[in-house]
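Remarks on the structure that follows.
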Amino acid sequence: ALQARIARATSAGHIQELVAQAGPQLDSTHMSAALHRLAKFSPRTARGQLGFNATSDPVVEGLVDRLGRPGRMQELNPQALCCLLWALARLQIAPAWLPDLLKRCSEVTAACSGHQLATLLHSLARLEGTAPVHTSQQHLLEALHQELLRRQRFLGPGGTSALDTVLLADALQKLQVRDEQLFSTLAAAASVHLRAGELGVREIRHLVTAYSSMGFADSQLTSSACEWLAERVQECDLNDLVALAFALSRTGNLGGAAQSRFFDALAPQIIDRASQNLVTGRSAASLLFSFQQAGRLEAPLRAALCSAVERFPEGLNGQDIALMLPCLGEVASQQPGLVQLLATRTMQLSSMLSPRQLARVICGFGDARAQNPKLWDTFCRESLRRSNYFSTPDVVRVLAGFSVAGVQNEEVLRTFWGLAASKREKLLAEETLALLQLWPHLEPGVQRHFPQMVPE
């Protein structure tokens, strides 16, 4: 009866009353259910983050303390274990007895339903960064992976729900489980759920992002998702559209004609929303990159997105600028005010840029013919400070950026041509060609330091 009352509770306050009334009558299963319901009703911020400190809540603290007593984990069945792990993940707490819970979950995976396996994997992924690294996490991940492989032919309609299929793919991506066979099975299952009308925009976003991030290609899933999305872009939240465009742009043209239709349907929607000041600078930067990657960045859309960046430059981070700068094209020369805004923001962020981001922005500002001495002084300082950490392609980007901009800083040029010489065995054909094109524009004083560069 108590378990049923906990399950029927409709608020955190109701759960707290039941816990207080039951007192010592609460057994391990009751406590697991109560913590699960408290987690479900926990307040969230607009960004989906926990809206209070769970570790200081007296009811949560009391339940966690009592569940940590010896023998408690052994009293829980698979459903109670799943509920408990999900609650801890949602509340973002990692009690000292968490390894015991993870170990117990590893022992019962064979007895779990498909939904319970999805819940455990999803919860384990959400615990990343909350709990200290422990071998029990890896043991549970391995047990879940093996169990999913064993049940592979049962994944999909009749075995796992549409939501569980999404949770599995999303969690496997977050936990970096690169199993192409398993992802292929989940893609086939997701395609069936999609055709049956069981997936929404948010679920498709998570699926497409998971596959794109892992580098797995499934043309059927991508094509079906694009076909479905193309008809519904007007109804979609902007954040979902931005994430979908970014993920799909990284798949090449895997979705074929359906993928082109999605981007063609999305473009006028973005222009319309940008005209209403509904597109932030960060979203605009991401969309510039996505449409450029997809080969669908037409002049009207580029102009609308550049205007959005110009209106809202404050929120841009280094990655945003690194992604969008190479996409500006001729707009850069037509909108010097935009380039100046981006230069100012880049200088503010310069110390936080990764070597790859730094190389991309140097190349981008070079192409934009940015004439800002302070900006190039900043690039000289930061590139020299991190010169040992640039990859071979990024060394070439740095040299190209300085060359196109006409900036001749001897220390930078000697350092990066020296890096290019030391990496010559790693150079691809197009990188070698780029260096040969840059060489004639190099000052003779710098050329003399690398007499063997051209012959080699």
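All values reported here derive from a predicted model rather than from experimental measurement.
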Of the non-hydrogen atoms in [X] and [Y], which two are nearest, and what is the gap between them?
X	Y	value
Leu168	Leu155	CD1-CD2, 4.3 Å
Leu297	Cys327	CD2-O, 3.8 Å
Thr165	Ala190	CG2-N, 4.0 Å
Val108	Leu81	CG2-CD1, 3.7 Å
Ser42	Arg90	OG-NE, 3.7 Å
Cys226	Ala258	CB-O, 3.5 Å

Give a yes-or-no answer on whether the side chains of [X] and [Y] include a donor-acceptor pair shorter than 3.5 Å.
X	Y	result
Gln146	Arg150	no
His115	Ser113	no
Gln348	Arg345	yes
Ser249	Gln293	no
Ser224	Gln220	yes

Side chain to side chain contact (heavy atoms under 4.5 Å, CB included) partner of Ser123, the single match among Leu121, Leu127, Leu120, Thr119: Thr119
Check against side chain to side chain contact (heavy atoms under 4.5 Å, CB included), Thr29 and Asn77: CA-CA 8 Å; Thr29 301; Asn77 62 22; 5.5 Å; no
As an exercise, state the distance from [atom1] of [X] to [atom2] of [Y], rounded to the nearest 0.5 Å.
X	Y	atom1	atom2	answer
Leu325	Ile362	CG	CD1	11.5 Å
Ser283	Arg273	OG	CZ	10.5 Å
Glu203	Asp170	CD	CG	11.0 Å
Leu98	His134	CG	NE2	8.5 Å
Leu88	Ser32	CG	OG	8.5 Å
Leu301	Leu287	CG	CG	7.5 Å

Any non-hydrogen side-chain atom of [X] less than 4.5 Å from a side-chain atom of [Y]?
X	Y	answer
Leu149	Asp179	yes
Leu342	Val309	yes
Leu85	Leu102	yes
Leu63	Leu38	yes
Leu358	Val361	yes
Arg72	Met31	yes
Trp97	Arg69	no
Phe365	Thr346	yes

Worked verdict on Asp100 versus Arg104 for salt bridge (Lys or Arg N to Asp or Glu O under 4.0 Å): CA-CA 6 Å; Asp100 295 332; Arg104 180 68 181 132; over 6 Å; no
Donor-acceptor pair, side chain of [X] and main chain of [Y], under 3.5 angstrom:
X	Y	answer
Glu235	Arg232	no
Ser383	Phe379	yes
Glu142	His139	no
Ser350	Met347	yes
His30	Asp27	yes
Thr251	Ala247	no
Arg37	Ala9	yes
Asp394	Arg397	no
Ser290	Ser286	yes
Ser275	Asp272	yes

Side chain to side chain contact (heavy atoms under 4.5 Å, CB included) between Gln152 and Gln181, worked out: CA-CA 9 Å; Gln152 198 165 195; Gln181 186 180 11; 3.2 Å; yes
So with a 6.0 Å cut-off around [atom1] of [X], is the heavy-atom count from everything else above 12?
X	atom1	result
Gln25	CD	no
Gln234	CD	no
Gln176	CD	yes
Lys103	NZ	no
Arg296	CZ	yes

Salt bridge present between Arg381 and Asp377 (N-O < 4.0 angstrom):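 Salt bridge between Arg381 and Asp377, a charged N being under 4.0 Å from a carboxylate O: no.
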Mutual orientation of the aromatic rings belonging to Phe183 and Phe216 [parallel < 30°, tilted 30-60°, perpendicular > 60°]: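 Rings of Phe183 and Phe216: tilted, 30 to 60°.
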Mutual orientation of the aromatic rings belonging to Phe263 and Phe291 [parallel < 30°, tilted 30-60°, perpendicular > 60°]: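 Because their plane-to-plane angle is over 60°, the rings of Phe263 and Phe291 count as perpendicular.
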Chi angles and distances behind the side chain to side chain contact (heavy atoms under 4.5 Å, CB included) call for Val201, Trp228: CA-CA 9 Å; Val201 174; Trp228 190 92; 3.6 Å; yes
Phe390-Phe416 aromatic ring centre distance below 6.0 Å: yes
Full working for side chain to side chain contact (heavy atoms under 4.5 Å, CB included) between Leu248 and Thr222: CA-CA 8 Å; Leu248 288 168; Thr222 304; 3.8 Å; yes
